[in-house]
Amino acid sequence: MTELVLARAQMAMLFAFHILFAVAGMGMPVLMVIAEGAHLRTGHPVYAELARRWAKGTSVLFAVGAVSGTVLSFELGLLWPGFMEFAGGVIGLPFALEGFAFFTEAIFLGIYLYGWDRVSPRLHLASGILVAIGGILSGVFVVTANAWMNSPAGFTLVDGRPVDVSPLAAMLNPASATETIHMVLAAFAASGFAVAGIHAFLLLKDRENLFHRKALEIALAVGGVAAVLQPLSGDMNARFVARNQPVKLAALEGQFETRRGAPLRIGGIPDVASRTTRYAIEIPKGLSLLAHHDPDARVQGLAAFPRDEWPNPVPVHLAFQGMVAGGTAMALLSLAAALRSWKKRENLFSRRFLLAVALCGPVGLLCVEAGWGVTEMGRQPWAIRGVMRTAEAVTPVGGLLLPFAFFSLLYLGLGAATIWLLRREFATSPYFPPGDEGVALPVPEGRE
């Protein structure tokens, strides 16, 4: 294995682990704030208990995310010194702002966790809102840096060096709006469905517990709204990619030849040797319509670009198909939930629907992983599109197999510890009978 492959594999592993906690840091505070707001509005203790429980989960995930994010920032400099030397002065602003957002989230999370009954209810809710804002902004600033890698701006390239640098223009690059909107919605959808899936699973064993019912309603509302809006964001992204990264679009869709009225492919496996996408279901003119809003628009294929500038179409296409399939499933389930709730609220708690929500719980997180795979693999062979190749950015230092193995084991242990902490914290659930307006009752036997 070359050092480039090992460096890319190590960054992929670190990103794949950390992004789950980054997503939770954006979505979970929103859930706890909504729950506490409902408590202040209704006075029902079930919402206060939900806010407390979700705040504890947020704190565990935040702590692990802080550790994994710190390691990731060091590895960015150690593995990719060529990239950091070129890009540090150009795209440093969003990383600095992300640090401020992170500390804002950390400070007010401390106030939120330890401020129950110590500060006024409104001030306590305000601290939770600031936790949510800090988490969202933290993710947004990091995504603008990634967007810059896909759409570099804010500098002039002279003799291979960036001059006339404008950090603000770099942060607000052409791809930043579409990528940040897409990521925020993805975080809300993934967090909402993950939490809804857990409570749906618990409701399958305890369908009368108001605690899980209210939790399901809040989580499914947040995740469902985001999942329904996500296809609109996806359309914005697709049209941007079609205009600015046509080779990436070709890899996403398994489009090898340039043609007008290009079909949209569902499924299939790209075959580079024969330059076809086998086993795909083709919708005539669908790709031209979606990418350019014109069924007869010309779509460039991979063959229109130099072979050494192709992303690998096989993993890119498969990851993209998985992301779209998962997103579609969540959007359809969300619409079904809205329809069921509109007809009769009790329909949300039928056994069949709860099973569907429970099965769909991890789908959002898998979609996030697939989406980042599409973003990163679809940009290859460039670290900074059109400016610096990934091979030019990697460290010249050898021996990367040992740190790759070390960090893989470290993150495996960190993940196991996180699961253990969460299971220990939430091993039992409080029991609120339907319609109960008092405090939680002791957990009846068989409801643990």
Side-chain angles (χ1 to χ4, degrees), residues 143 146-147 150-151 174-186 189 225-271 275-305 310-335 363-364 366-379 385:
V143 172
N146 180 268
N150 292 316
S151 183
S176 61
T178 55
E179 282 202 29
T180 53
I181 292 171
H182 199 64
M183 188 64 228
V184 170
L185 289 175
V225 170
V228 171
L229 292 176
Q230 191 69 300
L232 301 177
S233 168
D235 179 66
M236 293 167 52
N237 259 338
R239 287 188 287 131
F240 178 85
V241 169
R243 293 191 306 269
N244 296 273
Q245 296 175 273
V247 65
K248 180 178 179 179
L249 178 70
L252 291 176
E253 298 291 346
Q255 183 72 33
F256 286 91
E257 303 299 331
T258 300
R259 60 182 292 186
R260 292 188 177 277
L264 179 69
R265 293 176 179 86
I266 300 175
I269 303 175
D271 185 338
R275 297 198 172 187
T276 59
T277 299
R278 301 181 182 276
Y279 317 118
I281 299 172
E282 295 190 352
I283 300 175
K285 302 188 177 184
L287 178 57
S288 293
L289 180 63
L290 288 177
H292 299 283
H293 290 188
D294 178 359
D296 296 313
R298 178 175 175 268
V299 176
Q300 290 180 284
L302 287 168
F305 303 92
W310 289 18
N312 187 341
V314 177
V316 172
H317 177 74
L318 294 178
F320 179 69
Q321 292 288 312
M323 179 186 67
V324 172
T328 301
M330 289 193 296
L332 292 176
L333 188 61
S334 301
L335 293 174
V363 170
L366 295 175
C367 286
V368 168
E369 297 282 11
W372 273 97
V374 168
T375 298
E376 296 304 303
M377 292 186 294
R379 191 181 59 248
R385 186 178 63 84

How close do Val374 and Val316 get, heavy atom to heavy atom, and via which atoms? CG2-O, 4.0 Å
Can you check whether His182 reaches Ser233 side chain to side chain, under 4.5 Å on heavy atoms? yes
List for me each residue that meets side chain to side chain contact (heavy atoms under 4.5 Å, CB included) alongside Arg260, sequence neighbours excluded, and say none if there are none. Arg298
Mind checking what makes side-chain hydrogen bond (donor to acceptor under 3.5 Å, both in side chains) contact with Thr375, not counting sequence neighbours? none
Any donor-acceptor N/O pair, Thr180 side chain to Ser176 backbone, under 3.5 Å: yes
Please enumerate all residues that pass salt bridge (Lys or Arg N to Asp or Glu O under 4.0 Å) together with Glu369, with sequence neighbours excluded. none
Partners passing side-chain hydrogen bond (donor to acceptor under 3.5 Å, both in side chains) against Arg385 (at least two apart in sequence or in another chain): none
Mind checking side chain to side chain contact (heavy atoms under 4.5 Å, CB included) for Leu232 and listing every partner two or more places apart, or none if nothing turns up? Leu229
Which residues pass the salt bridge (Lys or Arg N to Asp or Glu O under 4.0 Å) test with Asp294, sequence neighbours left out? none
Exam field: side chain Ser288 to backbone Ala297, donor-acceptor pair closer than 3.5 Å: yes
Tell me every residue that passes side-chain hydrogen bond (donor to acceptor under 3.5 Å, both in side chains) with Asp296, counting only those two or more places apart in sequence or in another chain. Lys285
Looking at CD of Gln230 and CD1 of Ile181, how far apart are the two atoms once the value is rounded to the nearest 0.5 Å? 10.0 Å
Sequence-distant partners of Ala280, side chain to side chain contact (heavy atoms under 4.5 Å, CB included), two or more places apart: Arg265, Thr277
Output all residues satisfying side chain to side chain contact (heavy atoms under 4.5 Å, CB included) with Leu366, sequence neighbours left out; order by chain, then residue number. none
Distance, nearest 0.5 Å, that separates CZ of Arg278 from CD1 of Ile269: 10.0 Å
With sequence neighbours excluded, what pairs up with Arg275 under the salt bridge (Lys or Arg N to Asp or Glu O under 4.0 Å) test? none
Any donor-acceptor N or O pair under 3.5 Å, side chains Thr276, Asp271: no
Taking only distance into account, with no hydrogens and no angle test, what donor-acceptor pairs under 3.5 Å do side-chain atoms of residues 240-254 form with protein atoms, sequence neighbours excluded?
{"residue": "Arg243", "atom": "NH1", "partner": "Arg239", "partner atom": "O", "Å": "3.4"}
{"residue": "Asn244", "atom": "ND2", "partner": "Phe240", "partner atom": "O", "Å": "3.0"}

Any side-chain hydrogen bond (donor to acceptor under 3.5 Å, both in side chains) involving residues 317-330? Give me the pairs, sequence neighbours left out, ordered by first then second residue. none
